[in-house]
Amino acid sequence: MTGPARTQHPPLRAAHLGLGAFHRAHQAWYTQQANERATADDGWGIAAFTGRAPEAAELLSRNDGVYTVLERSAEGDRATTVQSIVRAVPGSDERAWLDTLTDPRVAVLTVTVTEAGYSAGSGVPRRIADGLVARARAGAGPIAVVSCDNLPQNGRALRDVVRKAAGPQAVRLSDIASFVDTVVDRITPAVTPADIDAVRKLTGLDDPSAVVTEPFAEWILAGEFPGGSPDWAQVGARFVADVGPYEARKLYLLNAGHTFLAAAGRLRGYDTIAEAFGDADLRADTEALWAAQRTAVDLPVAELDGWLDDLRLRFSNPRIAHRLDQIRRDSPIKVALRLVAPLRRRREAGDAADDAQLHAVESWIRSLVELDPTDPATALIARTISALPAADRARTVIDHLTPEGTLA
Ligand SMILES: NC(=O)c1ccc[n+]([C@@H]2O[C@H](COP(=O)([O-])OP(=O)(O)OC[C@H]3O[C@@H](n4cnc5c(N)ncnc54)[C@H](O)[C@@H]3O)[C@@H](O)[C@H]2O)c1
Ligand SMILES: O=P(O)(O)OC[C@@H](O)[C@@H](O)[C@H](O)[C@H](O)CO
């Protein structure tokens, strides 16, 4: 058995860094949908680089970059083939990275490297800076850099760390690189062997690069694309002047809900979001958290109500096994941005701390103290917090957790 076949050959015009499940289910999928509505010459092919380990590139290359997206609703599965990735490259291939970013045809660079990828220590800012400086030197023209990670003002956050990494060369970037803010949404769990089996049963194809995702997808973008972009708007993406309200909605409701359920659900022995959200107490806590945090979202009430109704169904989808231990990874930075930041804003406005927000922070602290850490950053903060008197822990986190997820 082999994987899905290539029938389209879109020209190389985009690059991506961080060839994980989400890129395959979101940006590459949107680009595929846009390519299907374009003439062959107007399509966009992507050179996708892995962030760290080479395996995803090696697997995808074996099938010429073509793979299956399995959209999984509560009712059933639907398989589509994605051909927009025309080259899958291990991130360690610096030559290929520089060649791609100095290629004048390449006008868009999308990025999914997780929240942790934005720290200087990850090496991501330096790699992007090197590529953009080389592009400026080569006179290869402007490029849009599109962050697709769950961070506030993600485009600006990426711009700042890339400029810093470029040092004195940063001045060269202003002329060639525009950094685009985005809100990206599509619940896409890490792929399991059972998912690959499900794809095999449905399509008859052996596709180790397949991804399973929900039917829902959203992409909201604000910024300049001086060298053009795939026609993502035609396939549902929205270009707006300011992503702020949509970003608050996504981060303070969906992602904060996930962050809370990952901690509190794991403490109760659940494995997935659907299981945790199915627990009456945790569901009530999540609803209370949403009620508190929605005050920070500047969107019409009816629009927000409808979005939350959809979110309840999405969290309840029993056929999407979004594992709590995956979501718990790198939690300090997520708690800082999704729970502590809105709590502090409330305090600055002179309002009392909300019980549901406090409960979410306290649940996270309990998860640090009582559960095995998922990653080194979490282990480090867990040790510090565990050493504090229990009565001081929440106050310490609320007062001293930095946006980088460390205790100041
Ligand atoms: N999966 C989702 O549902 C989803 C939805 C919206 C946004 N996102 C964003 O996309 C990110 C990636 O999600 P995913 O599901 O593809 O995860 P994944 O684990 O499948 O892939 C993560 C990618 O990021 C790279 N990466 C991770 N840490 C890195 C580091 N420190 N330095 C360099 N590269 C690094 C990895 O090499 C890999 O290519 C999330 O962290 C989030 O910010 C994901
Ligand atoms: O690692 P995080 O917390 O940024 O993301 C985990 C999930 O909350 C996230 O992947 C959501 O499923 C996603 O943001 C939905 O669009």
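It should be emphasised that the depicted structure is a prediction, and the values quoted were computed from it without experimental measurement. Order of appearance sets the numbers: ligands from 1, and atoms from 1 within every ligand.
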Only heavy atoms of [X], strictly under 4.0 Å: list the atoms of ligand 2 that pass.
| X | result |
| --- | --- |
| Glu115 | 2 (P), 4 (O) |
| Arg338 | 2 (P), 3 (O), 4 (O) |
| Asp185 | 15 (C), 16 (O) |
| Lys250 | 13 (C), 14 (O), 15 (C), 16 (O) |
| His322 | 7 (C), 10 (O), 12 (O) |

Scan the protein's non-hydrogen atoms and note whether one is under 4.0 Å from atom 17 (O) of ligand 1.
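There is no protein heavy atom less than 4.0 Å from atom 17 (O) of ligand 1.
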Show the atoms of ligand 1 that are less than 4.0 angstrom away from any heavy atom in Ile187.
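So the atoms of ligand 1 that pass are 3 (O).
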Using a 4.0 Å cutoff against the non-hydrogen atoms of Gly18, which atoms of ligand 1 qualify?
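Contacts of ligand 1 toward Gly18, numbered from 1: 39 (O).
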Partner of Glu218 by salt bridge (charged side-chain N to carboxylate O under 4.0 Å, His left out), out of Lys250, Arg249, Arg314:
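Going through the options one by one, the only one that passes is Arg249.
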Using a 4.0 Å heavy-atom threshold (strictly under), name the region of [X] that reaches ligand 1: side chain, backbone, both or neither.
| X | value |
| --- | --- |
| His26 | neither |
| Leu19 | backbone |
| Cys148 | backbone |

Nearest candidate to atom 8 (O) of ligand 2, where distance is taken over non-hydrogen atoms, out of His258, Glu218, Arg328, Arg314:
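Comparing heavy atoms across His258, Glu218, Arg328, Arg314, the nearest one to atom 8 (O) of ligand 2 lies in His258.
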Starting from atom 30 (C) of ligand 1, locate the nearest protein heavy atom and write down its residue, its atom name and how far away it is, to 0.1 Å.
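The closest one turns out to be Arg52 CD, 3.8 Å.
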At what distance, to the nearest 0.5 angstrom, does CH2 of Trp29 lie from OH of Tyr67?
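OH of Tyr67 is found 10.5 Å from CH2 of Trp29.
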Is any N or O atom of His322, backbone or side chain, closer than 3.5 Å to an N or O atom of ligand 1?
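There is no such contact.
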Location of contacts on Lys334 toward ligand 2, heavy atoms closer than 4.0 Å:
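Under 4.0 Å from ligand 2, Lys334 contributes side-chain atoms alone.
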